[in-house]
2 protein chains.
Amino acid sequence: MGNLKDTNPWIKKFSLVLELTDIEKDILLSLQDNCEKIPAKTDLVTEGEEFKYTYIIKEGWAYHYKLLANGRQQNLNFALCGDFIGLYATVFKKSEDSVKALTDMTVCKIAPERIIGLFSNAPRLAATICWVAARDGAILGEHITRIGRRTAYDRTGHLLLELLRRVEAVSLVQSNAFEFPVTQEILADMLGLTAVHMNRTIRALKDDGMITLDGKRIIIHKRAELRAAVGFDPSYLQHSTLPKGIKGIA
Amino acid sequence: MGNLKDTNPWIKKFSLVLELTDIEKDILLSLQDNCEKIPAKTDLVTEGEEFKYTYIIKEGWAYHYKLLANGRQQNLNFALCGDFIGLYATVFKKSEDSVKALTDMTVCKIAPERIIGLFSNAPRLAATICWVAARDGAILGEHITRIGRRTAYDRTGHLLLELLRRVEAVSLVQSNAFEFPVTQEILADMLGLTAVHMNRTIRALKDDGMITLDGKRIIIHKRAELRAAVGFDPSYLQHSTLPKGIKGIA
DNA sequence: CGGTGTGTTGAAAGGTGTCAATGCTAGTGG
DNA sequence: CCACTAGCATTGACACCTTTCAACACACCG
């Protein structure tokens, strides 16, 4: 049982932020009692509509996006194994963006009320939810600098390095290679570029020997060089632990 | 005394999200016992350094920014009256961005431990902090769509309309006019443009009769037209209330 | 076997950046 | 009261990154 607890991706993630008590681990596990499979291209959350559930990703990729009045699309962020989707169902009624499955996925569905309950019953876990919201904000902030003040080449390299880190954090990277089920068009909408220019930028990265990208798999060959070339500083992804001093109630 | 409570900007802001009990109002007021004046151009928070305080703005403007390795600057968001600065001191050790005062300011300094205490002692207020973090995230997400998928003209109009809304929310707008202590260069760094092109874009907005902008004051003349022209949908700023069901402890 | 989605390439147009210079205003000090 | 400076706004010419439009290649799949 202790083993199950410690391999669970969500518990792993929370454990980076604070040292969980056994009771807290049990609460987290109990929230994950309703898993289901979702086929690729499904919308888990729709912009402007009410949240139905909060999800935890156990397997697969998704991405957040917004549709603009002018018909364009802007993607905000990827959602990977261990990430929440629709966490703000806790405090918002309606979603500010949509979330679409990029691959077939396995997710845990959680009724928002159960997460709200943490604020009364497990303040340390509630604070960790705040922590997750803050980290999501940090990623969005870094994404703004990518789009606002970097060239297409640098944006792309920077995003790929972020993803490498994030996928590493859930142990899905082997020697700088990982599954990458993302079309060039989705990348383009993520980075504020056209699909055509995305293609040319990827070509440039390949020509420089920085990456290999074929089918649904990517390899970052010259990690340090790419990092220096695009000015990637991963500190915004670093996990700082939660301050002491929040008394547990559970 | 009830009057003091109800004119306090922070209490006003929280009241939009949930119906505060008298005890909760007292807690919020008690946090604001240490106000001080900050001169313009002061950095309240510095990227990469430890948080010292969480601030509530009582008067004045500030803005969040990041400095990039290539020497450029990207501004992420403005911070207005009633906003938090350094809220994540609660859950993060170090700041992900810097915050600089744009004008002389009056702020309340709060030791982070006191906010952490809310998670144990006032869960509804803790949830509201989560709500604020989520709303900040929504604003950042909208900012990404601005920069990623809009022209310079649309970006600028969209941002100005957001600010009009936010300044209205703290009752500092009179017939679509408000104090606007922002240089063109800061706007440019906010919107991912050069100062030169920012100037030309503002000129275009003026020529179209959309705005008047001279010195430190702005007037939005054709609010509805501008809104239609740039595709501004303010729903992401709307205040949805906190769900019921969080039991208060305080 | 013919769709459909995705990747690829070329040529031309255009939005935005770069560089450089000037004007303007407020503040400072002689 | 007048230089002098610093910060900000403004303008022009030109380069260049990115978009747009269009066409084609390729793989997968029912």
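Quick note: numbers below take in every heavy atom, side chains included, and nothing from hydrogens, waters or symmetry partners. Chain identifiers are assigned alphabetically (A, B, ...) following the order of the sequence lines, protein sequences preceding nucleic acid strands; residue numbering begins at 1 within each chain.
- Taking the six-membered ring for Trp and the full ring otherwise, the centers of A:Tyr63 and A:Tyr65 sit less than 6.0 Å from each other.
- Here the C1' atom of nucleotide D:dA9 and the CD1 atom of B:Ile186 are 14 Å apart, to the nearest Å.
- Contact annotation: B:Asn199 reaches the phosphate of D:dT10 (side-chain N/O to OP1 or OP2, under 4.0 Å).
- Contact check, A:Arg200 against D:dC17: no side-chain N or O comes under 4.0 Å of OP1 or OP2.
- Of the side-chain N and O atoms in B:Arg150, none sit less than 4.0 angstrom from OP1 or OP2 of C:dT16.
- Residue-level contact check: A:Ile202 touches neither bases nor backbone, having no heavy atom under 4.0 Å from any strand.
- Within 4.0 Å of B:Ala195, counting heavy atoms only, lies no atom of the nucleic acid at all.
- Contacts of B:Arg72 with the nucleic acid, taken as non-hydrogen atoms under 4.0 Å apart, involve only primed sugar atoms and P, OP1 or OP2.
- Rounded to whole Å, atom C1' of C:dC24 lies 14 Å from atom NZ of B:Lys216.
- Take the nearest nucleotide of DNA chain C for B:Gly192 and for A:Thr183: the residue whose nucleotide is more 5' is A:Thr183.
- Here the P atom of nucleotide C:dG7 and the CD1 atom of A:Ile211 are 12 Å apart, to the nearest Å.
- In this structure, A:His197 places its NE2 atom 18 Å from C1' of D:dA22, rounding to the nearest Å.
- Proximity of A:Ile129 to A:Leu87: side-chain heavy atoms (C-beta onward) are separated by under 4.5 Å at one or more points.
- When the P atom of C:dG23 is taken as reference, atom CZ of B:Arg203 falls 16 Å away, rounded to whole Å.
- Taking atom CG on B:Leu193 and atom P on C:dT16, their separation rounds to 7 Å, with Å as the unit.
- Side-chain N/O atoms of B:Gln184 include none lying less than 4.0 angstrom from OP1 or OP2 on D:dG7.
- Spacing between atom CD1 of A:Ile218 and atom P of C:dG7 amounts to 12 Å, rounded to whole angstrom units.
- Side chain of B:Lys206, nearest nucleotide from D:dC21, D:dT10, C:dT16: D:dT10.
- Protein atom CG of B:Leu187 is 13 Å distant from nucleotide atom C1' of D:dA9, rounded to whole Å.
- Aromatic ring orientation, B:Phe180 versus B:Trp61: perpendicular (interplanar angle above 60°, classes split at 30° and 60°).
- A:Arg155 comes within 4.0 angstrom of no nucleic acid atom, judged by non-hydrogen atoms across all strands.
- Nearest heavy atom pair, residue A:Cys35 against residue A:Lys58, reads SG-CD, 3.6 Å.
- The residues B:Arg149 and A:Asp189 are annotated as salt-bridged, a charged nitrogen and a carboxylate oxygen being separated by less than 4.0 angstrom.
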